[in-house]
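Just the heavy atoms: all of them, side chains too, but no hydrogens, waters or symmetry mates, feed the values below. In what follows, residues are counted from 1 in the order of the sequence shown.
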Amino acid sequence: MRDNPLVLHVLGARPNFVKAAPVVRALEELGVRQGIVHTGQHYDALMSDVFFADLGLPEPIANLGVGSGSHARQTAALLTGLEDVVLEHRPDLVVVYGDVNSTLAAILVCAKLHVPTAHVEAGLRSFDREMPEEVNRVVTDSLADILLVTSPDGLSHLANEGVAASRAHLVGNPMIDSLFSALPKLDPAPLKARLGLPERYAVATLHRPANVDDPESARELVEAVLAVGEQVPVVVPLHPRGRQRLAEAGLVTGDGLTIIDPLGYVDFLSLVRGAALVVTDSGGVQEETTMLGVPCLTVRPNTERPVTITHGTNRLVTPATLPAAASKALADGAATPSGELPPLWDGKAGPRIARVIEAWLRGDNLSPAAQGTPPATHS
């Protein structure tokens with residue numbers, strides 16, 4: 001290990017930036033040399049640049065600008081681009097986040113080049129191999145040297161896959177750190193005024209391939225969202241991915257529905273904070289609504305974040321059951337998390353992760369318990 005080791009963070013999509021920001025800040029406070037590689041998987045300025053500004057992230061040392069494309073084409077571009085970056089900068093550790101294609105590509109490049117890696121958000125499982133993200137999760141966790149786990153069920157999943165307990169550290173959820181930091185700035189009033197929204201409205205975020213890629217699935221989803229729009233005005237910030245398909249299926253601005261461009265981090269969470277209901281197929285939004293106490297209906301058959309159901313405000317629905325579930329949620333009013341929030345969702349995950357990384361860089365065999373986190377025991 002060099003006297004002044006380098007840590008590179010590979011970020012590819014909006015949720016990665018949110019998770020990385022507390023880690024980058026905490027490592028900076030510990031004096032660790034680091035840099036950000038922005039793969040450009042989300043290529044629109046509103047999909048990435050504004051997140052850097054909102055979250056206070058430093059300028060990336062490299063921006064690969066890979067853009068959109070099929071999984072194979074995008075991953076291939078990421079593999080070649082990231083290999084060049086790793087060979088140029090020779091990092092001592094590469095940190096990857098979440099489950100996007102950038103995460104998979106980085107872990108593969110580093111495994112081939114024998115560069116150590118850490119995975120933030122390790123151990124999440126939907127047990128649905130038809131989800132591209134699930135494949136990315138399993139491969140990433142099998143190759144990463146340090147597994148940074150956000151919830152206790154993740155430890156059990158890793159143990160069941162034969163992962164040594166010494167590799168896993170229960171550290172909490174850095175996405176919640178970012179949310180805590182942003183709370184004083186989350187004001188829905190300016191956005192409501194700009195969009196002409198009434199006091200009561202819903203927000204929908206839809207982008208999963210299983211929901212938008214197949215024309216029939218997209219049509220069923222759109223019909224369900226339109227039915228929700230008959231009960232309450234729905235605002236839909238739409239990613240470039242799937243926008244045309246959903247428009248072809250009838251998801252266009254009209255009575256009860258407002259389609260807008262993607263929002264920055266603070267604006268989006270402000271909109272969510274003021275909502276009476278959120279409809280989503282996103283993983284991160286399930287967590288954010290749990291913390292904000294906003295009823296959330298997730299249009300998926302499963303979730304890799306079950307704690308948002310057992311501890312939070314989230315429910316799984318199908319397009320067929322969505323309108324009735326929305327009616328009930330609107331009638332019930334504001335949601336509250338069920339009992340205590342998930343363990344270590346306390347806004348201090350970033351420093352915990354930074355301590356694990358710093359100890360590893362020093363070559364210390366520091367146990368999770370010695371770092372002030374619960375031991376990574378498996379059940």
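- Around CD of E28, the count of heavy atoms belonging to other residues, nucleotides or ligands within 6.0 Å does not exceed 12.
- A 4.5 Å side-chain heavy-atom check between L170 and V149 finds at least one atom pair inside the cut-off.
- Between T318 and V299 there is no side-chain heavy-atom pair separated by less than 4.5 Å.
- Ring centroid separation for the pair H119 and Y97 does not come in under the 6.0 Å cut-off.
- Using a distance-only test at 3.5 Å, with no hydrogens or angles considered, no donor-acceptor pair links the side chain of R167 to the main chain of A164.
- A heavy-atom distance below 4.5 Å is not found between the side chains of D99 and P15.
- The side chain to side chain contact (heavy atoms under 4.5 Å, CB included) with V37 is formed by just one residue from the set V94, L82, V86; it is L82.
- A 6.0 Å sphere centred on CZ of R315 holds no more than 12 heavy atoms belonging to other residues, nucleotides or ligands.
- If you check the side chains of D128 and N302, you find a donor sitting under 3.5 Å from an acceptor.
- With a 4.5 Å cut-off on side-chain heavy atoms, L316 and I309 count as touching.
- No donor-acceptor pair closer than 3.5 Å links the side chain of D281 to the backbone N or O of R300.
- Distance check, rounded to the nearest 0.5 Å: CG of L277 to NZ of K328 gives 12.0 Å.
- By the 4.0 Å N-to-carboxylate-O rule, K348 lies too far from D346 to be salt-bridged with it.
- Salt bridge E358/R362: present, at least one basic N to carboxylate O contact under 4.0 Å.
- Without hydrogens or angle criteria, D267 side chain to L263 main chain gives no donor-acceptor distance under 3.5 Å.
- For the pair R129 and E133, the salt-bridge criterion is not met [side-chain N within less than 4.0 Å of a carboxylate O].
- Distance alone, capped at 3.5 Å, is enough to place a donor-acceptor pair between the T308 side chain and the R305 backbone.
- Heavy-atom contacts from other residues, nucleotides or ligands closer than 6.0 Å to CG of D332 number more than 12.
- Relative ring orientation between F52 and F17 is described as tilted, the plane-to-plane angle lying within the 30° to 60° band.
- Looking only at atom types and distance, the side chain of S217 has no donor-acceptor partner in the side chain of N211 under 3.5 Å away.
- A 4.5 Å side-chain heavy-atom check between V272 and T205 finds every atom pair outside the cut-off.
- With hydrogens and angles ignored, the 3.5 Å screen pairs no side-chain donor or acceptor of T253 with any backbone N or O of T258.
- Counted by atom type alone, Q286 and T303 present one or more donor-acceptor pairs between their side chains at under 3.5 Å.
- The environment of CD in E216 is crowded: more than 12 heavy-atom neighbours from other residues, nucleotides or ligands sit within 6.0 Å.
- Using a cut-off of 4.0 Å between Lys/Arg side-chain N and Asp/Glu carboxylate O, E134 and R137 are scored as salt-bridged.
- Two residues are said to be in side-chain contact when any heavy atoms from C-beta on lie closer than 4.5 Å; E304 and R125 fail this criterion.
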